[in-house]
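Order of listing sets the numbers, starting from 1, for every ligand and every atom in it. Predicted model only: the values in this text are computed from it and were never measured.
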Amino acid sequence: MENFQEKKLFTPGPLGVSSDVKKAMQRDLGSRDTEFIVIVKEVREEILKIAEASAEIYTTILLQGSGTYAVESVFQTLQPAGNGKVLIISNGSYGNRMKKICEIAKIPAVTLQFSEESEIQLSVVERELRCNPSYPLVAMVHCETSSGIINPIEKVGALVKSMLPGATFFVDAMSSFGAIPIDFEAGCVDFLVTSANKCLQGVPGFGVVIAKKSVLMQCQGRSRSLSLDLVDQLEGLEGNGQFRFTPPTHALLALRKALWELAAEGGVCGRRERYRKNSVIIQEGMRALGFKTLLPHQKLSIIITSFLYPKHPNFKFEEFYQMLSNQGQLIYPGKVTKSDSFRIGSIGDLFPRDMEHLLKCIEKTLLKMKIPIPVE
Ligand SMILES: *Cc1c(COP(=O)(O)O)cnc(C)c1O
């Protein structure tokens with residue numbers, strides 16, 4: 001038996017999953033076998049139920065790869081046919097990744113850039129749409145996992161549809177879907193992307209796209225990538241029920257189990273409640289230790305929290321990280337450009353007792369580093 005230390009992941013991903021989810025994978029399935037085809041169908045249907053999206057209007061497409069592959073697949077598939085430009089509304093590195101995807105794929109795009117510490121402002125979006133009323137596709141991130149900020153997607157979606165009725169609205173809800181309710185109808189969400197291994201708590205291996213069928217079906221032949229073509233992928237899933245290329249069979253078994261666990265936890269609202277408890281424990285506990293958050297109190301999210309480095313000269317993040325890792329606690333570096341920060345996630349297979357234990361480990365580590373508490 002291989003020797004390893006169990007670690008708790010307080011990260012934005014990959015995330016820890018339950019032992020039953022891990023156990024569910026210990027079986028081989030053939031990709032053409034009826035059993036597997038039924039599992040794929042079940043998982044696709046269950047995801048629409050979690051989304052509370054109508055199966056008449058929407059469909060679920062599963063795509064091999066990490067979450068970014070799924071985001072890129074949406075841009076490839078929906079890229080404007082004429083000379084229309086994509087509008088990307090960004091306030092952090094995942095929004096900026098959308099911009100990079102379009103640059104590399106040579107998809108014409110305009111980025112409406114907001115600061116990393118403020119959520120997306122409707123009045124600025126409105127002004128942009130009024131000045132340039134021709135965007136065929138508008139894209140943004142729900143929970144900007146780099147800072148933790150939650151953007152008002154439903155309000156932006158409704159605004160986009162009221163000003164540009166023909167435009168498609170695309171949301172990267174990678175780190176929020178499954179834990180924060182999203183109103184597809186009120187928010188006029190046409191496309192939404194998440195991954196098997198964020199709040200759904202399956203293992204990494206594929207992304208999930210919830211797509212409005214009527215929009216998708218107008219996009220045949222636009223993708224300049226074979227493997228990222230969602231129309232083609234859907235035709236496989238709907239046709240013979242199979243993936244076009246080798247499916248992540250074990251990861252699908254894991255997600256099916258994870259979706260049962262989500263239902264048993266009380267669905268999206270039940271999961272949100274656990275993550276909320278987790279986040280409150282860590283935010284209050286860190287504040288008691290003297291740490292300051294990147295975002296003001298009212299903007300903190302239940303998904304992940306960014307904490308500023310303490311000022312004390314003994315604080316070296318690498319050392320702090322390593323000492324916590326040695327105690328089985330994995331935190332994550334910051335991803336905002338302006339301030340030195342680190343992140344602590346509240347999502348995945350984490351419970352209040354895990355957050356309390358992490359706080360004890362952080363306190364012990366600060367003492368070992370000879371940093372007086374409260375810090376700063
Ligand atoms: C995790 C995440 C992604 C995808 O990241 P991958 O590393 O490709 O799985 C994209 N957007 C957001 C907001 C995320 O949190």
Run the side chain to side chain contact (heavy atoms under 4.5 Å, CB included) check on Ile50 and Val268 step by step: do they pass? CA-CA 7 Å; Ile50 293 165; Val268 175; 3.6 Å; yes
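- Around ligand 1, the residues contributing at least one heavy atom under 4.0 Å from the ligand are Ser66, Gly67, Thr68, Tyr94, Arg97, Val141, Cys143, Thr145, Asp172, Met174, Ser175, Lys198.
- Tested against Glu42, the residues Lys49, Lys257, Arg256 include a single salt bridge (Lys or Arg N to Asp or Glu O under 4.0 Å) partner, Arg256.
- Within a 6.0 Å sphere centred on CZ of Arg32, other residues, nucleotides and ligands contribute 12 heavy atoms or fewer.
- In this structure Glu45 satisfies the side-chain hydrogen bond (donor to acceptor under 3.5 Å, both in side chains) test together with Lys41, sequence neighbours excluded.
- Remark: Phe315 CZ is packed, more than 12 non-hydrogen atoms of other residues, nucleotides or ligands lying under 6.0 Å away.
- Residues Gln113 and Asn96 bring a donor and an acceptor atom of their side chains to less than 3.5 Å of each other.
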